[in-house]
Asker: 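Quick one: this structure, given as structure tokens, is what I'll be asking you about.
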Amino acid sequence: MKLADKTCSDGGSAPPLKGRRARELLKELGQGWRLNGKGHVERHYTFKDFAQALAFVNKVGAVAEAEGHLPDLYLVWGKCTIEIWSHKIKGLTESDFVLAAKAERTFKPFRAAA
């Protein structure tokens, strides 16, 4: 099953992922995703204008709210950065990668419009 087809279900109670498993899941996300210096999953997106970036942030926000797993979203003109980790355990769980995959799926229509 693809990550984007799963649900964020650990509720912050799963133990943090070890480095090897996090790298395996990162590969499933595809190009653009990385582990940043804090060990969080992160991706930078670009858009043709502010309105598209804002629309993307709103769509990702709705998905995150439905999943009950909330990322940090940084919005500036034509750009959005998503940073995801499980705050409660101060590390990464599979749900972080699930949410990242769902954000990536949300971006596809924007990519086509650019």
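In this chain, numbering begins with 1 at the start of the sequence shown. Computed from a predicted model, the values in this text were never measured in an experiment.
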Asker: Just how far is it from atom CG of L73 to atom CG of N58, taken to the nearest 0.5 Å?
Answerer: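 Result: 9.5 Å between the selected atoms.
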Asker: Indicate yes or no: at least one non-hydrogen side-chain atom of S9 is less than 4.5 angstrom from one of E94.
Answerer: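 Sidechains of E94 and S9: no contact.
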Asker: For a quick test of reading the model, state the closest non-hydrogen atom pair linking I84 to P71 and the distance between them.
Answerer: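 It is CG1-CB, 3.7 Å.
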Asker: Quick one: does F47's side chain get under 4.5 Å of L54's, heavy atoms only?
Answerer: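 The answer is no, as the side chains (C-beta and beyond) never meet within the 4.5 Å cut-off.
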Asker: Rounded to the nearest 0.5 Å, what separation is found between the CZ atom of R34 and the NE2 atom of H40?
Answerer: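 Separation between the atoms: 11.5 Å.
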Asker: Please check: side-chain N/O of K102 versus main-chain N/O of A4, any donor-acceptor pairing under 3.5 Å?
Answerer: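 Yes, the answer is positive, given that a donor and an acceptor are paired below the 3.5 Å cut-off.
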Asker: For residues K88 and T93, determine if any side-chain heavy atom of one lies less than 4.5 Å from a side-chain heavy atom of the other.
Answerer: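 Sidechains of T93 and K88: no contact.
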Asker: To the closest 0.5 Å, what do you measure between CG (D96) and CG (L29)?
Answerer: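 Here the interatomic distance stands at 10.5 Å.
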Asker: For K59, does the NZ atom have more than 12 heavy-atom neighbours from other residues, nucleotides or ligands under 6.0 Å away?
Answerer: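 Not buried by this count: 12 neighbours or fewer within 6.0 Å.
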Asker: What class does the angle between the rings of F107 and F110 fall in, given that below 30° is parallel, 30 to 60° is tilted and above 60° is perpendicular?
Answerer: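 Rings of F107 and F110: parallel, as their planes differ by under 30°.
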Asker: Let me check something: do W33 and Y74 share a hydrophobic cluster, defined by ILVMFWY side-chain heavy atoms less than 4.5 Å apart, either directly or through other members?
Answerer: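 Looking at the clustering, Y74 is in a separate group from W33.
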Asker: Provide the closest heavy-atom pair for L99 versus H69 in the form atom of the first, atom of the second, distance.
Answerer: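 Shortest heavy-atom separation between L99 and H69 comes out as CD2-O, 3.0 Å.
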Asker: Do L75 and F56 have side chains that approach each other closer than 4.5 Å (heavy atoms only, starting at C-beta)?
Answerer: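 SC-SC contact between L75 and F56 ruled out.
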Asker: Please answer whether the main-chain N or O of H44 pairs with a side-chain N or O of T81 as donor and acceptor at a distance below 3.5 Å.
Answerer: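 Checked: no pair found.
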Asker: Please report the closest heavy-atom contact between W77 and K48, naming both atoms and the distance.
Answerer: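 Here W77 and K48 meet closest at CH2-O, 3.3 Å.
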Asker: Less than 4.5 Å apart, side chain to side chain, heavy atoms only: is that true for L35 and V41?
Answerer: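 The answer is yes; the side chains approach within 4.5 Å.
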Asker: Give me the atom names and distance for the closest heavy-atom approach of I82 to A103.
Answerer: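 Shortest heavy-atom contact: CD1-CB, 3.7 Å.
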Asker: To the nearest 0.5 Å, what is the distance between CD on E42 and CH2 on W85?
Answerer: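 E42 CD to W85 CH2: 10.0 Å, rounded to 0.5 Å.
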Asker: Hey, are E24 and R21 close enough for a salt bridge, meaning a charged N less than 4.0 Å from a carboxylate O?
Answerer: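 Here E24 pairs with R21 in a salt bridge, since their nearest N and O are under 4.0 Å apart.
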Asker: Closest heavy-atom contact between T7 and S95?
Answerer: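 Smallest heavy-atom distance, with atoms named: O-OG, 4.5 Å.
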Asker: Got a donor-acceptor contact below 3.5 angstrom from the E67 side chain to the C8 backbone?
Answerer: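 Between the backbone of C8 and the side chain of E67 there is a qualifying donor-acceptor contact (under 3.5 Å).
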Asker: Is Y45 close to V57 at the side-chain level, that is, under 4.5 Å between some pair of heavy atoms?
Answerer: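 With C-beta onward as the side chain, the pair stays apart.
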Asker: Might you point out which heavy atoms bring L70 and H87 nearest each other, and give the distance in Å?
Answerer: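 Closest approach of L70 to H87: O-CE1, 3.9 Å.
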